[in-house]
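Worksheet: the structure to be examined is printed underneath.
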Number of protein chains: 2
Amino acid sequence: MSRSGEARTHRATAQDVAKLAGVSRSAVSRTFTPGAAVSPATRQKVLAASQQLQYVPNAAARSLMTKRTNLIAVVVSNQASTSYGRLLDCFSSRLMDIGYNVFLITAVENLDTDDQLLKMLRYPVDGFVITAAASLEFSRQICRHCIALGIPAVTLNRTIEGAELSSINCDHRAGGAMAVDTLIDGGLRRLGLIVGHEPTTVNTERMNGFLERAAERGIAEPAVVRARQFNFDGGYEAAAQLLGRHPDLEGLFCVNDQIAIGAMEMARKDAKLRVPEDLSIVGFDDMPAAAWPSFDLTTIRQPIDKMVGETLRVLMQTIEGDASPASHSVVPVEFVRRGSSR
Amino acid sequence: MSRSGEARTHRATAQDVAKLAGVSRSAVSRTFTPGAAVSPATRQKVLAASQQLQYVPNAAARSLMTKRTNLIAVVVSNQASTSYGRLLDCFSSRLMDIGYNVFLITAVENLDTDDQLLKMLRYPVDGFVITAAASLEFSRQICRHCIALGIPAVTLNRTIEGAELSSINCDHRAGGAMAVDTLIDGGLRRLGLIVGHEPTTVNTERMNGFLERAAERGIAEPAVVRARQFNFDGGYEAAAQLLGRHPDLEGLFCVNDQIAIGAMEMARKDAKLRVPEDLSIVGFDDMPAAAWPSFDLTTIRQPIDKMVGETLRVLMQTIEGDASPASHSVVPVEFVRRGSSR
DNA sequence: CTCCTGGTTGCACGCGCGTGCAGTTGAACG
DNA sequence: CGTTCAACTGCACGCGCGTGCAACCAGGAG
């Protein structure tokens, strides 16, 4: 029991352990370096002393020599709208499995200068994962930073034009096409679309996939509304607007499930429409709530696990010094038929 | 444009900047140390050279001298069940505002040995925030680690018995009491309760708050069921069990909103009950979906922002070397009346 | 016994940085 | 002009660690 008021407990160093174990500091270092040459005898002495002193190697100091921090920066959004919890979860558990730690960066609303960004990025990391949850401008700033400093970086569900970074996307276009197909196959012709307001990869690709297939199949001009927010409220508002202008709408595609559920609530509660009898709704992502009985939302499943796996595969490859040019992976999506569409 | 295939870009050091600027390395260091003595002239030279070389101070190296990493470890769960997204969001943005970075630790299912834990914790951090989202055993391990090494740590919505760590909780007991009050005030007598299966602070305190007040007000024995999971599915299953055994149930309190919504869906879709006419339901947390029209869930709001603020206040105080004994804060909760209860 | 070999060990250096201390400079003052 | 002092600068050291290198040791072959 240390007396209160004293300076904080001194964290044991390799030096301390060496002294207690009666060996050199190198021996301690080698004991904690896999593959280094230490005799079983000294190793045991070191381990015993380490345990007694509660010794934990200082990864920050180590990184000075090894040039590797085993830290991966994961960039996500500060708008709790999107369900990035699942995503982070996947990244974190998989990274910890392979010996990495997660340095979390949440997008800040308005980052005035690059200086502020640089202050946040003083910590050396081995690589960046930049997810679509972050705001567009913020993503760009981070990308610039990575490229300028030559730090391996990969973007997920976002392709930054002009930046030679590898990207991983789910097949947004195919998903949009699936959505329009199921609506048209259900005999519907008057279609609508709710999309986010930012020109992000997710928004534009899913929309274009929908519009192009619609055109191919002879649907002239689906009604398009941009939601002010990428969440339930945004969907609710946008649906009100859309249904106000097109009361005869038959089928609706929303670029994500949150928007879709917002739109469904609006359609049912306010517009007094039955889903799917009066209006079919299709979402995108397959978030947990999509399967809840009240919504039973037909949607396009984004295989988070696979996408995270692929992202880390590409990132690790880049970290391992592979100088191959940026790659652009596309992960297939899966159509999930439920009761919200005919 | 660096040629591809070359070794990775060498990250500029203070030495490089010093040479280019024609000053000593100390001058560079002082330029990036607020409050240090540097003349405006040299500062300008240093800043110019830094910009040209894309220099960013290495926080890991700095931490060796300063004994401060400006890193806070935030421990959350790997079960995406609970809505810890919002929580992380708050922590992250607030920490970044005050110059800290987030080191994310997600609870792993079965951590065999402490060695594995130690491997994850080699990175020196200034403090720990241990949230209730993590599994009980994992929390305990982390707490032991913090105490053994004298690292400042604070728990959120979880009080670890026997560990002299400060804790922050919302007022679970008061919330439970509010729930039972609104049910009884609505004229209901046959009450039920769905609680999680783990003996965590959240589960036991919310339950006890409910049961004690129920006893005070003359409700003999509310029916209690433990959900196998702390989420929608858990609530759904538990409600089936509960309503099977007590078809005449009038009021139901669930220890969180996800369980409550699961139970509501079960009651409506399968048991064909009307909410709130046949069954009143009250949740806890006030997650976004609670306000969606389909659920319109009466609940107890947990003020996330305030709790996070208080958590960081206490943690920072601990970090600043305040040797005062562990404190235990309780943040008030707020009753949110909606349509799921009479 | 000598020599050689393979396995260990310790020394010493440096990773990138902060900071105490002595030295230098310039300006203001007498 | 000489003196004083404050502002500034550079030197040198060390933070905790990995690692090349030379020294060392034990053991087997000759």
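As a basis for the values below, the full set of heavy atoms in this structure was taken, side chains included, without hydrogen atoms, waters or symmetry mates. Bear in mind the structure is a predicted one, so any value in this text is a computation, not a measurement.
As rounded to whole Å, 14 Å separates atom C1' of dT19(C) from atom CG of L64(B). Between the CZ atom of R122(B) and the P atom of dC17(D) there is a distance of 10 Å, given to the nearest Å. Rounded to a whole Å, the CZ atom of R68(A) is 16 Å from the C1' atom of dC15(C). Across the protein-nucleic acid pair, R30(B) atom CZ and dC11(D) atom C1' stand 10 Å apart, rounded to whole Å.
Contact annotation: S26(A) side-chain N/O to dG18(D) OP1/OP2 distance is not under 4.0 Å. Contact check, K67(A) against dG18(D): no side-chain N or O comes under 4.0 Å of OP1 or OP2. A close approach under 4.0 Å does not occur between any side-chain nitrogen or oxygen of S29(A) and OP1 or OP2 of dG16(D). Here Y55(A) reaches the OP1 or OP2 of dC17(D): one of its side-chain N or O atoms lies under 4.0 Å away.
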Exercise. Please lay out, stage by stage, how I142(B) and L117(B) fare under the test side chain to side chain contact (heavy atoms under 4.5 Å, CB included).
Key: CA-CA 8 Å; I142(B) 300 259; L117(B) 183 67; 4.0 Å; yes
Quiz item: What do the steps show when you test N101(A) against I72(A) for side chain to side chain contact (heavy atoms under 4.5 Å, CB included), and what is the final call?
Solution: CA-CA 6 Å; N101(A) 282 112; I72(A) 300 291; over 6 Å; no
Quiz item: Does the salt bridge (charged side-chain N to carboxylate O under 4.0 Å, His left out) test come out yes or no for D16(A) and R11(A), once each step is laid out?
Solution: CA-CA 10 Å; D16(A) 303 329; R11(A) 177 169 171 168; over 6 Å; no
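Nucleic acid contact for T13(B): sugar-phosphate only, since backbone atoms but no base atoms lie under 4.0 Å from a heavy atom of the residue. Among the atoms of the strands shown, none is found under 4.0 Å from any heavy atom of S63(B). At the heavy-atom level, V28(B) lies nowhere under 4.0 Å from the strands shown.
Nearest nucleotide to the side chain of A37(B), out of dC17(C), dT8(C), dT9(D): dT9(D). Nearest nucleotide to the side chain of S39(A), out of dG18(C), dG18(D), dT8(C): dT8(C). Of the listed nucleotides (dG10(C), dC17(D), dG16(D)), dG10(C) has the atom at the smallest distance from the side chain of A27(A).
With respect to K67(B) and D126(B), no salt bridge is recorded, no charged nitrogen being found less than 4.0 Å from a carboxylate O.
Y55(B) places a side-chain heavy atom less than 4.5 Å from the side chain of V28(B).
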